[in-house]
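Structure record follows, encoded as structure tokens.
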Amino acid sequence: MTTDPFGLRSLDPERLAARPGVKWQLHPGLLAAWVADMDFPVAPAVTERLSSLLANGALGYPNWGTGPSPAARLFVDRMHSRYGWDIDVDQVRDLADVLQGVRLAVGMLTDPGDAIALHLPAYHPFLHTLRDMDRRLVAAPFDLDEFAAVLTREQPKALILCHPHNPTGHVFDRSELSRIAELAVEFDMVVISDEIHSDLVYEPGCHIPFASVGAHAQARTITVTSSSKAFNLAGLRWAVMHVGHEGFDAALRDYPDHWFGAPNLFGVEAAVAAWTDGDEWQRAVMGVLDENRHALSDLLAVHLPEVAYTPPEATYLAWLDCSAFGSGDEPRQLFMERGVDVSPGPQFGEPGSGFVRLNFATSPEMLERIVIAMAGS
Ligand SMILES: Cc1ncc(COP(=O)(O)O)c(C=O)c1O
């Protein structure tokens with residue numbers, strides 16, 4: 001029995017550099033540590049299932065019947081078994097991607113000019129969504145007393161909760177979630193909870209779906225998630241939404257089935273394989289990620305001691321404070337010149353000034369190469 005049954009620790013740098021896809025091809029020649037794709041080979045269960053579809057030429061219309069896809073149905077079971085959250089399959093809908101769910105909720109439950117709260121720094125497509133949809137961004141402090149004061153002042157119609165949080169890796173605990181739920185009731189706020197990173201929480205932490213903290217929370221929440229982050233399937237375009245919010249549920253029921261698009265065969269089949277037979281692979285991935293998030297502290301201490309970093313509680317994204325590094329608001333530029341592609345902090349909003357986000361979902365050896373290159377040594 002090998003200690004690396006899924007080949008997570010032995011990635012070939014040349015093969016990675018040649019891998020198609022935006023992560024490695026946007027800036028060929030640089031070490032890619034930016035967009036949230038993992039460098040690891042896909043779970044064997046997923047490869048086998050998709051290969052079998054191809055081998056059988058089974059690429060026609062699927063035989064799923066009406067209503068939610070098999071992956072969306074499996075989502076109900078998974079929420080029960082992993083998180084003790086019991087939901088009704090009638091409130092579950094397939095999506096093309098998580099952002100589609102966020103945009104549908106923002107578009108149908110709020111109006112142009114309305115304020116929407118969001119924790120900053122924020123996953124940048126949320127910022128673009130608010131700007132493009134003419135909604136007013138209200139910065140939500142992580143401190144909940146401060147958040148209450150902001151709500152009193154700004155009266156946002158909705159909160160986009162990124163839980164676990166990208167890019168900081170913060171996992172909201174039960175007391176935080178309960179307080180946010182109370183505030184949502186008090187200020188009559190819709191909560192759009194993006195839980196795409198939920199399977200990437202490190203022990204002893206645990207993910208608690210926001211809507212599961214009580215019926216009062218669920219009744220005003222839209223939860224959006226996908227198998228795509230934890231199983232590295234982002235190109236397959238499948239996500240799922242639980243609509244606890246009654247008004248939104250009713251509004252969606254006014255549209256014919258598949259009005260917003262029908263789910264992709266490969267996306268659904270991959271999610272089913274991942275959630276049925278992929279957990280051993282995912283546990284192995286979490287083992288490497290856990291090791292990497294701590295190894296990164298040691299590597300930075302040796303090679304880039306001016307960079308401040310706290311290992312995230314979830315995700316494979318490190319939020320690096322480079323403000324003491326002497327490279328200004330946009331430290332990414334220097335790292336790019338040194339051969340490493342990281343995400344620019346300012347992309348995540350004004351508090352990201354002086355930061356970069358580094359993706360450590362790679363082999364320990366590649367991570368070391370990345371940090372050494374960033375240090376210019
Ligand atoms: C918080 C968050 N939401 C959504 C997404 C993207 O999901 P999708 O491609 O399904 O829209 C990402 C991708 O990194 C993410 O980090």
Side-chain angles (χ1 to χ4, degrees), residues 21-23 26 32-40 69 71-72 75 92-107 116-130 132-133 140 142 158-172 191-201 207 209-210 221-242 260-261 263-264 266-268 270-271 274-275 285 289 312-319 341-345 347-349 352 356-362:
V22 73
K23 184 179 186 189
L26 185 67
W34 63 290
V35 70
D37 273 334
M38 304 199 254
D39 285 342
F40 305 126
S69 75
F75 168 71
V92 171
R93 289 171 179 270
D94 293 272
L95 294 168
D97 54 48
V98 161
L99 255 295
Q100 182 190 30
V102 173
R103 289 175 181 150
L104 282 173
V106 169
I116 299 196
L118 181 61
H119 294 95
L120 296 182
Y123 174 59
H124 49 99
F126 294 151
L127 299 172
H128 301 162
T129 294
L130 298 188
D132 296 347
M133 297 180 77
F142 283 89
L159 165 70
I160 300 179
L161 183 67
C162 185
H163 167 51
H165 187 257
N166 173 7
T168 65
H170 178 65
V171 175
F172 294 87
V191 178
I192 303 164
S193 189
D194 176 343
E195 306 192 0
I196 195 169
H197 293 280
S198 58
D199 284 353
L200 294 163
V201 176
H207 176 72
F210 174 72
T221 300
I222 294 100
T223 306
V224 279
T225 190
S226 175
S227 51
S228 63
K229 286 298 117 178
F231 289 90
N232 211 24
L233 307 171
L236 295 180
R237 315 317 288 153
W238 177 80
V240 64
M241 164 164 77
H242 174 263
F260 303 105
N264 177 295
F266 267 37
V268 168
W275 284 346
V285 164
L289 296 180
E313 297 167 278
T315 80
Y316 45 79
L317 306 167
W319 187 232
D341 204 354
V342 285
S343 299
Q347 186 176 56
F348 300 83
V356 296
R357 193 192 71 177
L358 181 143
N359 175 343
F360 58 80
T362 192

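Both backbone and side-chain heavy atoms feed into the values below; hydrogens, waters and symmetry mates do not. Worth saying up front: this structure is predicted, and the values here are computed from it rather than measured. Note that ligands are numbered from 1 as they come in the structure, with each ligand's atoms numbered from 1 the same way.
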for atom 7 (O) of ligand 1, nearest protein heavy atom and its distance come out as Ile196 CD1, 3.4 Å

Between ligand 1 and Arg237, can you find any atom pair, the residue atom being a heavy atom, that is separated by under 4.0 Å? yes

CG of Leu317 to CZ of Arg357, rounded to nearest 0.5 Å, is 4.5 Å

At under 4.0 Å between heavy atoms, what of Ala36 touches ligand 1? The answer is side chain

Of all protein heavy atoms, the one nearest atom 14 (O) of ligand 1 is Lys229 NZ, 3.1 Å

- Item | Val98 N/O to ligand 1 N/O under 3.5 Å | yes

| field | Residue-ligand contact His197/ligand 1, heavy atom below 4.0 Å | value | yes

Ranked by distance from atom 3 (N) of ligand 1, the top protein heavy atom is Asp194 OD2, 2.5 Å

For Asn166, the atoms of ligand 1 under 4.0 Å from one of its heavy atoms are 15 (C), 16 (O)

Separation between CG (Leu118) and CG (Leu159), nearest 0.5 Å, reads 8.0 Å

Heavy atoms of Val171 and Pro164 approach each other most closely as CG2-CB, 4.2 Å

Is the gap between the ring centers of His207 and His197 under 6.0 Å?
no

Closest to atom 5 (C) of ligand 1 among protein heavy atoms sits Tyr123 OH, 3.2 Å

For Cys162, the atoms of ligand 1 under 4.0 Å from one of its heavy atoms are 1 (C)

Look only at interatomic distance and state if Leu99 has a nitrogen or oxygen under 3.5 Å from any nitrogen or oxygen of ligand 1. yes

**Asked** Are Trp238 and Asp94 side-chain neighbours, meaning at least one heavy-atom pair lies under 4.5 Å?
**Response** yes

Honestly, for Ser226 the part within reach of ligand 1 (heavy atoms, under 4.0 Å) is neither

Rounded to the nearest 0.5 Å, the CG atom of Leu99 sits from the CZ atom of Arg237 at a distance of 8.0 Å

Can you confirm if the aromatic rings of His119 and Phe172 lie within a centre distance of less than 6.0 Å? yes

With a 4.5 Å heavy-atom cut-off, do Phe348 and Thr168 have their side chains touching? no

